[in-house]
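So the structure is just underneath, and the comments pick up after that.
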Number of protein chains: 2
Amino acid sequence: MRILVIEDEEGLSDFITLELKHEGYEARPVYDGREGLEAALGEEWDIILLDLMLPKLNGIEICRRVKAVKDTPIIMITARDSVMDRVTGLDSGADDYIPKPFAIEELLARIRVIVRRNEKLSSQPSMSLAFKDLELHIDSRMLKKGDRWIELTKKEYELLFILMKNINRVLTREMLVEQVWDYDVGIETNVVDVYIRHLRNKLETADKEEYIQTIRGIGYIMRDEK
Amino acid sequence: MRILVIEDEEGLSDFITLELKHEGYEARPVYDGREGLEAALGEEWDIILLDLMLPKLNGIEICRRVKAVKDTPIIMITARDSVMDRVTGLDSGADDYIPKPFAIEELLARIRVIVRRNEKLSSQPSMSLAFKDLELHIDSRMLKKGDRWIELTKKEYELLFILMKNINRVLTREMLVEQVWDYDVGIETNVVDVYIRHLRNKLETADKEEYIQTIRGIGYIMRDEK
DNA sequence: TTGGATTATGAAAAAAAATTCATTTTGCGT
DNA sequence: ACGCAAAATGAATTTTTTTTCATAATCCAA
């Protein structure tokens with residue numbers, strides 16, 4: 001875990017660096033803005049600790065320039081607990097800020113938090129179901145037809161989801177009502193029919209392609225062949 | 001690919017079995033219901049072809065009993081194209097049906113479809129974000145607090161999602177409005193505040209635990225420590 | 001401690017989604 | 001071809017969600 005410490009007060013900087021090393025991190029102190037930016041951009045860091053007030057090049061500017069290029073987490077050290085400082089700091093892209101003076105334990109805690117977060121943020125799978133020229137995206141709950149994006153309401157999405165998860169499997173109205181509407185008793189409404197219609201309206205734009213087939217006396221199906 | 005063919009008309013049964021083998025499947029014919037059920041339950045099959053009308057034990061019953069135990073795909077072969085047959089067939093859990101007489105090519109197509117589907121249906125990851133005693137489930141869009149499930153509206157979900165994806169990171173109203181509402185210009189509404197309130201109302205039930213903190217002059221944050 | 005800015009809050013208004021209902025159209029068995 | 005059941009359809013109604021607005025409460029700096 002490599003941490004870059006950009007802080008001009010040598011006493012503080014060395015203290016932080018020492019503490020970080022003591023915690024088992026690899027830490028490097030840099031004492032002015034120009035040098036800091038160079039180090040931040042030139043090498044790979046896991047976290048950057050950045051003082052707002054720096055000689056030669058101020059923290060805001062460094063933060064902005066770094067964030068423009070990469071997403072290294074930055075913790076801003078603000079001199080006073082002033083709103084303006086924090087605002088500009090965060091607007092320039094900082095991930096967190098810590099007001100001076102601070103307890104070293106608090107800084108360490110914030111670092112641990114960022115480390116933990118970045119560990120999690122690794123594997124984020126994204127699913128989608130496909131049928132003909134349709135793609136139902138699970139994460140965004142949107143439907144892609146060819147190159148068009150179609151918005152779906154909750155019920156529309158849930159209904160289409162069940163249908164597309166069961167391509168080539170006939171679904172009775174009972175099944176659909178049970179899974180989408182949670183009515184566990186026999187249906188006495190035609191919500192399914194109505195929502196099938198809504199879906200058809202959204203899907204069957206202009207082209208004569210038929211996506212949802214009616215199986216008379218039974219229910220609906222999305223079929224690949226014949 | 002192992003396929004079980006439960007069909008009492010020996011001519012048809014042998015014909016199907018032969019064709020399946022010709023296609024490269026491993027197929028076994030079974031000529032009556034009792035034997036069929038035994039084979040279906042006792043061994044692992046990728047697909048079961050099941051005639052509705054069988055001596056000793058009818059197809060519906062077999063289908064029901066098999067589906068009660070496992071989820072082997074079943075294609076029902078219905079004698080006549082009668083609605084009642086299909087209804088009971090599907091209600092008993094069959095995945096598809098094919099009316100007799102049928103072209104062998106159609107049967108093969110339906111089998112291919114099921115095979116393909118099952119190939120896809122393998123890896124379905126399910127994500128969730130966690131914070132304190134909260135779990136935001138990405139697939140169901142529901143929030144679990146301890147052991148209680150809380151429903152969220154679209155905006156509530158999207159807002160909470162951003163917040164929980166950025167634990168320990170302060171988010172300005174601008175950031176939130178941009179990501180949840182798509183207003184790319186400066187805000188002139190207080191929707192964010194209002195929805196933060198909605199979330200707090202849903203989250204902060206009875207216990208004094210504070211989930212969403214206000215950072216005055218800046219925005220909101222969900223913080224782990226201090 | 002006070003004033004002004006910021007946030008919280010309740011509730012009204014507007015918009016969207018879900019449901020129901022009445023009617024028309026379609027498909028299928030006779 | 002006819003009649004009936006099933007499905008499609010359009011639209012009204014109800015419910016929920018989203019947004020706006022006016023006001024109250026809170027926080028912080030001077």
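Labels below follow one simple rule: chain letters A, B, ... track the order of the sequence lines, proteins then strands, and each chain is numbered from 1. For clarity, every value in this text was computed on a predicted model and none was experimentally measured.
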Applying side-chain hydrogen bond (donor to acceptor under 3.5 Å, both in side chains), name anything that partners [X], two or more places apart in sequence or on another chain.
X	answer
A:K144	none
A:T214	A:R200
A:Y31	A:D14
B:E135	B:H137

* **Residues that B:T72 engages under side-chain contact (heavy atoms from CB on, under 4.5 Å), provided they are two or more places apart** =>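 Only B:W45, B:I48, B:K70 meet the side-chain contact (heavy atoms from CB on, under 4.5 Å) criterion with B:T72.
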* Asked: What residues, two or more places apart in sequence or in another chain, satisfy side-chain contact (heavy atoms from CB on, under 4.5 Å) together with A:D32?
  ->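 In terms of side-chain contact (heavy atoms from CB on, under 4.5 Å), with neighbours along the sequence ignored, A:D32 is linked to A:R34, A:E35, A:P55, A:K56.
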Separation of [N] [atom2] from [X] [atom1] (nearest whole Å):
X	N	atom1	atom2	value
A:L160	C:dA18	CG	C1'	17 Å
A:D193	C:dT24	CG	P	18 Å
B:E210	C:dT7	CD	P	14 Å
A:I212	D:dT9	CD1	C1'	15 Å
A:L176	C:dT19	CG	P	14 Å
B:L199	C:dA8	CG	C1'	14 Å

* Asked: Is any NZ, NE, NH1 or NH2 atom of the basic residue among A:E158 and A:K154 found under 4.0 Å from an Asp or Glu carboxylate oxygen of the other?
  ->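 A:K154 and A:E158: not salt-bridged.
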Is there any protein nitrogen or oxygen under 3.5 Å from a nitrogen or oxygen in nucleotides 1-6 of chain C, and what are the pairs?
unit_1 : atom_1 : unit_2 : atom_2 : d
C:dT6  : O2     : B:R216 : NH2    : 2.8

* What does B:Y157 touch in the nucleic acid at a heavy-atom separation under 4.0 angstrom: a base, only the sugar-phosphate, or nothing? ->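 Since no nucleic acid heavy atom lies under 4.0 Å of B:Y157, the category is nothing.
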* Asked: Residues in salt bridge (charged side-chain N to carboxylate O under 4.0 Å, His left out) with A:E19, at least two apart?
  ->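 Residues passing salt bridge (charged side-chain N to carboxylate O under 4.0 Å, His left out) with A:E19: none at all.
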* Structure fact -> Under a 4.0 Å heavy-atom criterion, the protein footprint on nucleotides 12-21 of chain D, written with B, S and -, is -----SBBBB
